[in-house]
Amino acid sequence: MNPEQCPICFTGMETREVAPCMDCGALPDELRHFHEGLHTYAEFRVFDSLRLILCNFCCVDFGSYQPEYFGLPDSVRLSFGRMTLIQEVHPPEKTFDKVCPDCGKRLAFLRFVSEARQLHHQKLQASNS
């Protein structure tokens, strides 16, 4: 895969300033919220081995994702309680990342999704062996 393409939908990516949250950070309102100091940020361990930086809203809202989005069975319940806080994050004044204009997500989050899908696919294959 070309690093200039979205790892989920393969659309060409564009570089822009983003908020530190890997989930909502590409949204213009969230960038404004970041500059206004409306959110706090923390790094979490999710799905046992993957790491994700989230704002105080997205860490609580993470459970609203459908589990299939991350390669999990529909019966799995996502929740804040399944995440492990690693550390509070005090981000720099400016953060830049590639953003998918179709998905509207940061490359950092799209890589997380891709890695989660691979991880869960491998676990499923191992359990079926």
How far apart are the C-alpha atoms of Cys100 and Leu110, what are their side-chain angles, what is the distance that settles it, and do they pass the side-chain contact (heavy atoms from CB on, under 4.5 Å) test? CA-CA 9 Å; Cys100 176; Leu110 296 167; 3.9 Å; yes

Do you reckon [X] sits in the same ILVMFWY cluster as [Y], going by side-chain contacts under 4.5 Å, direct or chained?
X: Val18; Y: Ile53; result: no
X: Leu107; Y: Tyr65; result: yes
X: Phe112; Y: Leu27; result: no
X: Leu54; Y: Tyr41; result: yes

Audit row: Lys105, Asp23, side-chain contact (heavy atoms from CB on, under 4.5 Å) steps and yes/no: CA-CA 7 Å; Lys105 295 289 188 180; Asp23 188 354; 2.5 Å; yes

Would you find a donor on one side and an acceptor on the other, under 3.5 Å apart, between the side chain of Arg106 and the backbone of Phe96?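 No, Arg106 side chain to Phe96 backbone: no donor-acceptor pair under 3.5 Å.
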
Using atom types as modelled and distance alone, determine if a side-chain donor or acceptor of Asp97 lies under 3.5 Å from a backbone N or O of Ala108.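 Present.
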
Assess whether a salt bridge exists between Lys98 and Glu4, defined as any Lys/Arg side-chain N lying under 4.0 Å from an Asp/Glu carboxylate O.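 Yes, this pair counts.
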
Could you tell me whether Glu115 and Arg117 make a salt bridge, using a distance below 4.0 angstrom between a side-chain N and a carboxylate O? no

Considering only heavy atoms from C-beta outward, does the side chain of [X] approach that of [Y] to under 4.5 Å?
X: Ile86; Y: Phe44; value: no
X: Cys24; Y: Cys55; value: yes
X: Glu17; Y: Leu31; value: yes

Walk me through it: do Phe109 and Leu52 pass the test side-chain contact (heavy atoms from CB on, under 4.5 Å)? CA-CA 8 Å; Phe109 185 75; Leu52 191 61; 3.9 Å; yes

Could you give me the CA-CA distance, side-chain angles and deciding distance for Phe62 and Phe57, then say whether ring pair (Phe, Tyr, Trp, His ring centres under 6.0 Å) is met? CA-CA 9 Å; Phe62 194 76; Phe57 177 82; over 10 Å; no

Flag for Glu30-His35: side-chain donor and acceptor within less than 3.5 Å: no

Check the orientation of His120 and Phe47. Use parallel for under 30°, tilted for 30 to 60°, and perpendicular for over 60°.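 Correct class here is perpendicular.
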
